[in-house]
Amino acid sequence: QSVLTQPPSVSGAPGQRVTISCTGSSSNIGAYNDVHWYQQSPGTAPHLLIYETNKRPPGVPDRFSGSKSGTSASLDITGLQPEDEADYYCQSFDTTLRVVIFGGGTKLTVL
Amino acid sequence: QVLLRESGSGLMKSSETLSLTCTVSAGAMSSNYYGWHWLRQPPGKALQWIGQINLFGNTYYSPSLRGRVAISLEKSKNQFSLKLTSATAADTAIYYCARVSVVPFNSPFDPWGQGFLVTVSS
């Protein structure tokens, strides 16, 4: 069981908006530790999508955005496209466990 | 562009030592501002952090694997390696190597290697 909790799956039609949540606790997200998001397309390695909660690396469309409030973080994807179909993982650091932690992953299906 | 590539033995038997190497593109390991990490992903499951090493040779491991894991560095070969002793079927996973900036704290993993499947048979 992952320290960070994500919904197992979300779905949306092309052009729609979806939000993926990442719920932690006072010892990780709530302890002011940054949250990062990764996209993993089938059969490929994860790659960085959002870092430091809401920053996009070069090349990532502005359809992807991140936010954080209290002990939770969220990834928003607007204007869904078929190529967005992938698994999405949140990641942070747990101050009590002293370890890098990941969410269990969310499978996005574009209907 | 920094590239990482995992290599090693893809099939092993239970109780053996898992051994993998990550080769980094030439010159990419010269900076002290990066740490070099191993992660894994069991089939159909979530990502798990294994441990890290910096260019001073300092290591830090996941508490769940401490005692079985060792990460080492060969700067002259642009490589760092992972050894996991007493492997079991639970260690079957795709293993990834990745780079992390040491500043700021809790920087993201970027980039990642392509991944290497290790299967431990009983």
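The chains referred to below are lettered A, B, ... by the order of the sequence lines, with proteins before strands, and numbering in each begins at 1.
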Is it the backbone or the side chain of [X] that comes under 4.5 Å from a heavy atom of chain A, or both, or neither?
X	result
Gln41(B)	side chain
Leu39(B)	side chain
Tyr96(B)	side chain
Asn106(B)	both
Tyr60(B)	side chain
Pro108(B)	both

What is the distance from atom [atom1] of [X] to atom [atom2] of [Y], rounded to the nearest 0.5 Å?
X	Y	atom1	atom2	value
Leu4(B)	Cys97(B)	CG	SG	4.5 Å
Ile29(A)	Thr95(A)	CD1	OG1	11.5 Å
Gln48(B)	Trp38(B)	CD	CH2	14.5 Å

- Message: Here's a test for you: under side-chain hydrogen bond (donor to acceptor under 3.5 Å, both in side chains), which of Asp84(A), Asp76(A), Thr78(A) qualifies with Arg63(A)?
- Response: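 When Asp84(A), Asp76(A), Thr78(A) are each tested with Arg63(A), the side-chain hydrogen bond (donor to acceptor under 3.5 Å, both in side chains) holds only for Asp84(A).
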Heavy-atom distance under 4.5 Å to chain B: side chain of [X], backbone, both or neither?
X	value
Glu52(A)	side chain
Leu97(A)	backbone
Thr44(A)	backbone

- Highest number of heavy-atom pairs under 4.5 Å with chain B among Gly103(A), Pro57(A), Pro46(A) belongs to Pro46(A)
- Item | Set of residues satisfying ring pair (Phe, Tyr, Trp, His ring centres under 6.0 Å) with respect to Phe93(A), sequence neighbours excluded | Phe105(B)
- Message: Under 6.0 Å between ring centres: does that hold for Trp37(A) and Phe64(A)?
- Response: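 No, ring centres 6.0 Å or more apart.
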- Message: Checking Gln6(A) against Thr106(A): is there a side-chain donor and acceptor pair closer than 3.5 Å?
- Response: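 Yes, a side-chain donor-acceptor pair sits under 3.5 Å.
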- Leading residue by heavy atom contact count with chain A [cutoff under 4.5 Å; candidates Ser107(B), Ser62(B), Pro63(B)]: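 Highest number of pairs under 4.5 Å: Ser107(B).
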- Within 45° of the axis and under 6.0 Å from the centre of the six-membered ring of Phe116(B), does NZ or CZ of Arg5(B) qualify?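 No; the conditions do not both hold, so Arg5(B) does not lie above the ring face of Phe116(B).
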